Number of protein chains: 2
Amino acid sequence: MDADRVNTHTDARSETIRSATLELAQELGFAKLSIEAVAARAGVGKHTIYRRWPSKGALFLDAVLSSHETILEYPDTGDIVADLREQILAAVELLARPPLDGLFRSLLGEAQQDAAISAALNERFIAPQTQRTIDRLEKARDAGQLSPDLDLELAMSILSGPIYFQFLITAQPLTHDYIDRLLAALFAGLGPRP
Amino acid sequence: MDADRVNTHTDARSETIRSATLELAQELGFAKLSIEAVAARAGVGKHTIYRRWPSKGALFLDAVLSSHETILEYPDTGDIVADLREQILAAVELLARPPLDGLFRSLLGEAQQDAAISAALNERFIAPQTQRTIDRLEKARDAGQLSPDLDLELAMSILSGPIYFQFLITAQPLTHDYIDRLLAALFAGLGPRP
DNA sequence: GTCAAGACGGCACGTGCCGTTCCGTTACGC
DNA sequence: GCGTAACGGAACGGCACGTGCCGTCTTGAC
């Protein structure tokens, strides 16, 4: 993707703007966030913002993702279920709990209405996260812990989908217990055990 | 939920407004939709719209959901996998393909930023749909086609989650083949077969 | 050391839509 | 036939948009 579509500059002024954006987003929510308010809070002209980011959505995405580059690495203890559980819990604790939950939800919402945001979100967050999961699943498959003919991209959807569904669609709480029951059901399969 | 939160009036004028809303949403997308334009298209004063719906989002939700009351009923042939497959395909064909896909995506996006929309969407669409799935799953469990200790709400998340994930997050196409592979993997389970 | 070029903060502008108010007209219940 | 309520339409103040135009400050080439 075009590197200019979303600003990733590291100069101090860009950092100030990102901080002001995050502050205001926490205070007002994404919907009521305005470029004018960000400029005022950051002590910066509006031009300086428009020169760096093409839209409010792009600025917001960059601010949110830059603030937590934490790579949510995958543990590898050799036990795929335990490792998936740990990684999912870490992601849920970070993204589906205060203070980030509202911002992350807004980000996913905005991506539904702006193709550029959707693409940038995929490139900077979803795709890398997906790839790490697939890499870990591949090791597990090689170790005989997964069905040998399992499509790993499909497995990724199966693992992530119910979490996002709970987060975005039904707005039910993502408890540790839910994740344990989810993993158990997925590995056992829906059908009756012979 | 408060019945006034989302208008469901059936008078002719409300219907005209809903139609104008859908037309403009198709032409411009939800983001560029405005109450002023809807009022002009419908030949109606803005007050007449504000009297019926509290926000652009509420009007949009009502317009989209009212236009397709199609209840996406569940077939019951006795074969749970075949029935799930058919119902999922019907839902995907209706909501994830033109002309409704963009509108449905916008609706889910808006729900992430407006709690009232989220609640109304759940009440009018998500919850009923969920309940129909659970009812069908219960029959299947009683017939011994599902693991007897399966949590049916969890099963609902497991079935729907990957579809929504593909639709909202990765923006990958929802092919028939994908759905077949999804169902196969879910019923077989992720773990190795003994 | 000088100086041109560019980025900057600040201010103002025209535009579009918001949600509300007012006005004169129409439709309907009693 | 009369009063009430909803109506279409126009106008309102307000806000944020994105874009100009200032005068200042920074920076790098020579």
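We name chains A, B, ... by the order of the sequence lines, and we start the count at 1 in each one. Every heavy atom of this structure was used, including side-chain atoms; hydrogens, water molecules and symmetry mates were not. Given the structure is predicted, the values throughout are model-derived calculations rather than measurements.
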Original post:
When the distance from OH of A:Y50 to C1' of D:dG20 is rounded to whole Å, what number comes out?
Top reply: 13 Å

Original post:
Who are the side chain to side chain contact (heavy atoms under 4.5 Å, CB included) partners of B:A111, not counting sequence neighbours?
Top reply: B:I117, B:S118, B:L121

What donor-acceptor contacts under 3.5 angstrom involve side-chain atoms of residues 152-160 of chain A, with partners at least two apart or in another chain?
| from | atom 1 | to | atom 2 | distance (Å) |
| --- | --- | --- | --- | --- |
| A:S157 | OG | B:Q166 | OE1 | 3.4 |
| A:S157 | OG | B:Y178 | OH | 3.4 |
| A:S160 | OG | A:M156 | O | 3.3 |

N/O contacts under 3.5 Å, protein versus nucleotides 5-14 of chain C?
| from | atom 1 | to | atom 2 | distance (Å) |
| --- | --- | --- | --- | --- |
| C:dC8 | OP1 | A:R52 | NH1 | 3.2 |
| C:dC8 | OP1 | A:R52 | NH2 | 3.0 |
| C:dC8 | OP2 | A:R51 | NH1 | 2.1 |
| C:dC8 | O3' | A:R13 | NH1 | 2.8 |
| C:dG9 | OP1 | A:R13 | NH1 | 3.3 |
| C:dG9 | OP2 | A:G45 | N | 3.1 |
| C:dG9 | OP2 | A:T48 | OG1 | 2.5 |

Original post:
Tell me: CD1 of B:I17 to C1' of D:dA6, nearest whole Å?
Top reply: 12 Å

Subject >> Qualifying salt bridge (charged side-chain N to carboxylate O under 4.0 Å, His left out) pairs with a residue from residues 21-42 of chain B, counting only residues at least two apart or across chains >> reply: B:E23-B:R41, B:E27-B:R41, B:E36-B:K46

Original post:
Who are the salt bridge (charged side-chain N to carboxylate O under 4.0 Å, His left out) partners of A:D114, not counting sequence neighbours?
Top reply: none

Subject >> B:R41 CZ - D:dG9 P separation (whole Å) >> reply: 15 Å

Subject >> Partner residues of A:D151 under the side-chain hydrogen bond (donor to acceptor under 3.5 Å, both in side chains) criterion, sequence neighbours left out >> reply: B:R181

